[in-house]
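To start, the structure under review is shown below, and the notes come after it.
As the structure is a computational prediction, the values presented were derived from the model and not from experiment.
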Amino acid sequence: MSTERDAEHGTIDRRERGLEVLFRVTLVLKGADGVLELLGGVLLLFLTPARMNAVVVFLTQHELGEDPNDPVSNWIVHFGHTLTGSATLFGAVYLLLHGVVKVVLVWAVLKEQLWAYPWMIGFLVVFIGWQTWELARHFSWGLLGLTVFDLLIVALTVHEYRVQRRLRAARRAEATAGEPAAG
């Protein structure tokens, strides 16, 4: 991306390069999150609630042995006990669909596919809306952090979309300027 911008404007300023790097880093993190969601969805498909509960107990037993009042470990164990088959299936489908959409959109945006930018923005805006509603119902620092991160990605994606459209318009203008006049 930078080489196209460098060629277009001679050189780009440090702020623009910083925004580009930040954009790419946030996209890679969002893509990695999508891959983790895919893995989680696959695991949920193949693990029964009883098996997942056993995994939860195994993963938290050391921490709870040291501190039986550990709030995170106790919450995880409580969550493991409440899993049902339908909840597990819903979680698997949600994670798989959400993960696929994220991975595809991140890949397409990193490949500078112009169609993907508005889809990425729309996808994130829908989830920001849902996250905001959830924050209003049950505040969570983690969800607040995720919402702020998604807002940053939206702002950077809007900026990058404008840059890509400007670069393409400049290339089209260059291409038409080099063509002989019809007549």
Side-chain angles (χ1 to χ4, degrees), residues 1-44 72 75-76 91-183:
M1 242 190 300
S2 291
T3 54
E4 286 183 39
R5 291 178 181 169
D6 291 346
E8 183 67 29
H9 302 291
T11 184
I12 61 174
D13 63 20
R14 194 159 45 189
R15 177 184 173 275
E16 187 65 31
R17 189 174 305 274
L19 286 174
E20 179 188 0
V21 168
L22 182 60
F23 175 67
R24 287 190 169 269
V25 167
T26 58
L27 275 183
V28 167
L29 290 173
K30 190 54 91 173
D33 180 48
V35 169
L36 290 175
E37 286 180 353
L38 287 171
L39 293 172
V42 168
L43 281 175
L44 285 177
V72 174
W75 179 84
I76 292 170
V93 170
Y94 173 84
L95 287 173
L96 288 169
L97 290 174
H98 198 249
V100 165
V101 170
K102 268 187 195 176
V103 169
V104 167
L105 287 175
V106 165
W107 176 83
V109 168
L110 285 172
K111 292 290 186 180
E112 299 174 1
Q113 301 295 312
L114 212 52
W115 64 267
Y117 290 81
W119 281 99
M120 174 74 97
I121 293 163
F123 175 74
L124 288 171
V125 165
V126 166
F127 277 93
I128 289 168
W130 175 78
Q131 291 164 192
T132 302
W133 181 70
E134 283 295 316
L135 279 169
R137 290 182 53 217
H138 307 286
F139 181 80
S140 151
W141 285 107
L143 189 55
L144 177 63
L146 177 63
T147 304
V148 169
F149 182 70
D150 285 347
L151 284 167
L152 173 65
I153 294 174
V154 167
L156 291 169
T157 304
V158 167
H159 174 77
E160 188 64 25
Y161 181 55
R162 290 177 179 156
V163 167
Q164 289 301 318
R165 287 181 48 193
R166 198 169 44 244
L167 287 171
R168 288 171 193 222
R171 275 188 246 130
R172 277 193 307 275
E174 261 181 34
T176 57
E179 294 176 2

Worksheet entry | Point-to-point distance, once rounded to the nearest 0.5 Å, from CG of Leu44 to CG of Leu39 | 11.0 Å
Worksheet entry | Thr157 side, atom OG1; Arg162 side, atom CZ - distance, nearest 0.5 Å | 11.5 Å
Discussion item. Please verify the inter-ring angle class for Phe23 with Tyr117; under 30° counts as parallel, over 60° as perpendicular, anything in between as tilted.
Written reply: parallel
Discussion item. Just verifying a value: how many Å separate Met120 CE and Tyr161 OH, rounded to the nearest 0.5 Å?
Written reply: 13.5 Å
Fill in: Heavy-atom side-chain proximity of Val109 to Glu160 below 4.5 angstrom
no
Worksheet item: Are the charged groups of Glu134 and Arg137 less than 4.0 angstrom apart, N to O?
Response: yes
Worksheet item: Which value, rounded to the nearest 0.5 Å, describes the distance between Leu105 atom CG and Trp115 atom CH2?
Response: 6.0 Å
Worksheet item: Checking side-chain contact (heavy atoms from CB on, under 4.5 Å) for the pair Leu110/Val106: CA distance, chi angles, key distance, verdict?
Response: CA-CA 6 Å; Leu110 285 172; Val106 165; 3.8 Å; yes
Worksheet item: Which distance, rounded to the nearest 0.5 Å, do you find between the CG of Leu22 and the CG of Leu152?
Response: 5.0 Å
Practice prompt. For residues Asp150 and Ile153, determine if any side-chain heavy atom of one lies less than 4.5 Å from a side-chain heavy atom of the other.
Written response: yes
Worksheet entry | Side-chain touch Phe123/Lys102, heavy atoms, less than 4.5 angstrom | yes
Worksheet item: Do Gln131 and Leu144 have side chains that get closer than 4.5 Å, going by heavy atoms?
Response: no
Discussion item. Rounded at 0.5 Å granularity, tell me how far CH2 in Trp130 sits from CG in Leu135.
Written reply: 9.0 Å
Worksheet item: Mind checking whether Gln164 and Gln113 have side chains closer than 4.5 Å, heavy atoms only?
Response: no
Discussion item. In the structure I gave you, are the side-chain heavy atoms of Val21 and Arg24 within less than 4.5 Å of one another anywhere?
Written reply: no
Practice prompt. Would you indicate whether Arg168, at its atom CZ, is surrounded by more than 12 heavy atoms from other residues, nucleotides or ligands within a distance under 6.0 Å?
Written response: yes
Practice prompt. Compare all side-chain heavy atoms of Asp33 with those of Leu29 and state whether any distance is below 4.5 angstrom.
Written response: no
Practice prompt. Compare all side-chain heavy atoms of Val163 with those of Glu20 and state whether any distance is below 4.5 angstrom.
Written response: no
Practice prompt. Return the orientation label for the Phe139 and Trp141 ring planes: parallel under 30°, perpendicular over 60°, tilted otherwise.
Written response: perpendicular
Item to complete: Search all heavy atoms of Val103 against all heavy atoms of Leu38 and return the closest pair with its distance.
Response: CG2-CD1, 4.0 Å
Discussion item. If you compare all heavy atoms of Ala108 against all heavy atoms of Ala116, which two are closest, and at what distance to 0.1 Å?
Written reply: CB-CB, 3.5 Å
